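Every value quoted in this text rests on a predicted model; they were computed, and no experiment measured them. For this chain, numbers begin at 1 and follow the sequence in order.
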Amino acid sequence: MIDPESLSPERGRGQGEGVASIGHDPHPDPLPGRERERGIDSVLLIAFGGPERPEDVRPFLRTVTAGRRIPPERLEEVAHHYDLMGGRSPLNALTRAQAEGLRAALAADGRALPVWVGMRNWQPFLHETLAEMKDRGCRRALGIILSSLQTEASWSRYVEDVAAAREKVGPDAPEVVYAAPWSEHPRFIEAIAARARDALAAIEPARRADARLVFTAHSVPVAMAAGSPYAAQLETVARAIATALGRSAWSVAYQSRSGSPRDPWLEPDVADVIRALARAGARDVVIVPVGFVCDHVEVLYDLDVEAKGIAVACGVGFHRAAAVNDHPAFIAMLADLVRRGASR
């Protein structure tokens with residue numbers, strides 16, 4: 001998930017359940033095998049985190065915005081988004097499901113490595129997870145950053161936070177090496193294409209062929225994007241998915257912009273794209289959130305409430321593909337990343 005310069009709905013620290021809340025021990029002792037031979041004895045899924053109870057929402061937002069001058073009214077506005085979603089984010093539960101799916105996939109392939117979850121901004125915090133990993137004998141983990149597209153906010157800060165967490169744990173903290181970027185991985189493309197296909201199937205057959213696909217990612221400052229492959233990765237992934245679906249009419253858009261209106265951020269905004277498609281005669285749009293691996297508030301509110309409202313006002317049918325979440329093809333991708341090991 002993106003962590004932009006200013007507040008957007010899904011950014012923070014607080015209290016929630018860790019992977020250990022799953023009904024059996026999810027962290028078997030590190031086992032020998034191909035990963036052990038490469039020095040990798042565990043897997044760490046690195047995610048953003050989110051509040052799991054209504055009483056945690058505001059502490060979460062305060063932690064996310066620590067050190068930033070965010071007006072209290074803005075915090076309340078975002079807190080209200082969570083209130084509308086039941087006072088919680090499903091991100092943590094979905095990340096646990098991804099971890100459980102990966103754990104099962106590795107075991108089925110004869111590589112029963114322990115799979116851990118560490119959150120940048122919510123329990124289990126990265127330093128808490130790394131401390132427990134240390135106590136359980138893990139020494140070298142393969143870190144998988146659960147962000148599909150690369151920029152400073154969605155990738156580099158995750159690496160920096162892991163480094164800070166290791167320093168907090170101390171000299172015996174597990175080393176973390178990283179899986180390669182995976183936005184163009186065939187199984188990721190397969191998973192998103194399957195989600196988009198399901199969304200298209202819900203459209204009335206007579207209108208389905210003319211539905212327009214819109215692939216979205218979180219907007220970031222133009223200056224930040226300029227030093228990263230972020231926008232190019234979005235275009236590449238969108239084109240690959242559209243090709244897999246046999247669709248020639250598609251667009252990319254950015255969403256969930258935050259920060260000063262004086263600073264340029266990546267465009268076009270999804271709202272503007274929906275309005276333009278309506279003016280061009282589109283009857284249905286299918287929003288495909290490529291830049292998000294879980295259905296959380298930036299999807300459930302920013303798309304399902306705000307973007308949908310714009311589409312309805314324009315007389316356009318609104319349809320949204322689910323994020324990959326724990327789709328079997330995405331889990332297979334995670335397992336393949338473990339099989340390949342650390343990026344060279």
Side-chain angles (χ1 to χ4, degrees), residues 1 3 10-33 35-36 38-53 55-56 59-60 62-64 66-67 89 91-104 106-107 111-147 154-179 294 334 337-338 341-343:
M1 178 183 297
D3 183 16
E10 196 83 62
R11 325 207 193 317
R13 278 182 171 78
Q15 182 178 6
E17 295 179 306
V19 175
S21 63
I22 297 171
H24 62 283
D25 185 354
H27 304 132
D29 291 334
L31 298 176
E35 287 73 20
R36 171 71 81 172
R38 292 199 299 262
I40 294 171
D41 58 19
S42 50
V43 180
L44 174 63
L45 299 186
I46 306 164
F48 194 88
E52 298 196 82
R53 304 177 301 174
E55 58 267 35
D56 293 329
F60 165 81
R62 286 195 294 270
T63 303
V64 154
S89 167
L91 185 147
N92 290 17
L94 289 169
T95 305
R96 290 194 291 269
Q98 291 167 340
E100 180 63 22
L102 174 58
R103 191 176 299 114
L106 293 175
R111 303 195 309 278
L113 289 172
V115 179
W116 300 79
V117 167
M119 303 290 188
R120 292 184 60 210
N121 299 299
W122 205 245
Q123 291 185 351
F125 292 115
L126 283 164
H127 71 272
E128 295 171 337
T129 296
L130 287 168
E132 189 174 353
M133 291 171 69
K134 179 194 75 171
D135 293 342
R136 296 291 289 268
C138 299
R139 292 294 172 259
R140 193 168 192 255
L142 179 70
I144 300 178
I145 297 173
L146 294 177
S147 292
S154 65
W155 198 272
S156 300
R157 291 181 191 171
Y158 283 65
V159 174
E160 292 168 2
D161 282 2
V162 169
R166 291 187 67 244
E167 185 174 349
K168 188 170 186 177
V169 171
D172 294 329
E175 179 187 3
V176 179
V177 295
Y178 293 93
C294 291
L334 295 176
L337 293 179
V338 176
S343 176

**Item:** Nearest non-hydrogen partners of C138 and P114, listed with the distance
**Value:** SG-CG, 4.3 Å
**Prompt:** Is E160 salt-bridged to R157, going by a charged N under 4.0 Å from an acidic O?
**Reply:** no
**Request:** Identify whether NZ of Lys or CZ of Arg in R120 sits under 6.0 Å from the centre of the six-membered ring of Y158 and within 45° of that ring's axis.
**Result:** yes
**Prompt:** Taking D41 for the side chain and R139 for the main chain, is one N or O donor matched with an acceptor at less than 3.5 Å?
**Reply:** yes
**Asked** At what distance, to the nearest 0.5 angstrom, does CZ of F48 lie from CG of D161?
**Response** 9.5 Å
**Salt-bridge contact R96-E52 (side-chain N to carboxylate O under 4.0 Å)** = yes
**Item:** Main-chain N/O of V117 paired with T129 side-chain donor or acceptor, under 3.5 Å
**Value:** yes
**Prompt:** Rounded to the nearest 0.5 Å, how far does CG of L334 lie from CD of Q98?
**Reply:** 6.5 Å
**Request:** Taking all non-hydrogen atoms of both residues into account, name the closest pair between A141 and L44 and its distance.
**Result:** CB-CB, 4.4 Å
**Fill in**
All heavy atoms of K134 vs all of A173, minimum pair found to be CD-N, 4.3 Å
**Request:** Give the minimum heavy-atom separation between I40 and L113, together with the two atoms involved.
**Result:** O-CD2, 4.2 Å
**Message:** Please check: side-chain N/O of S147 versus main-chain N/O of S154, any donor-acceptor pairing under 3.5 Å?
**Reply:** yes
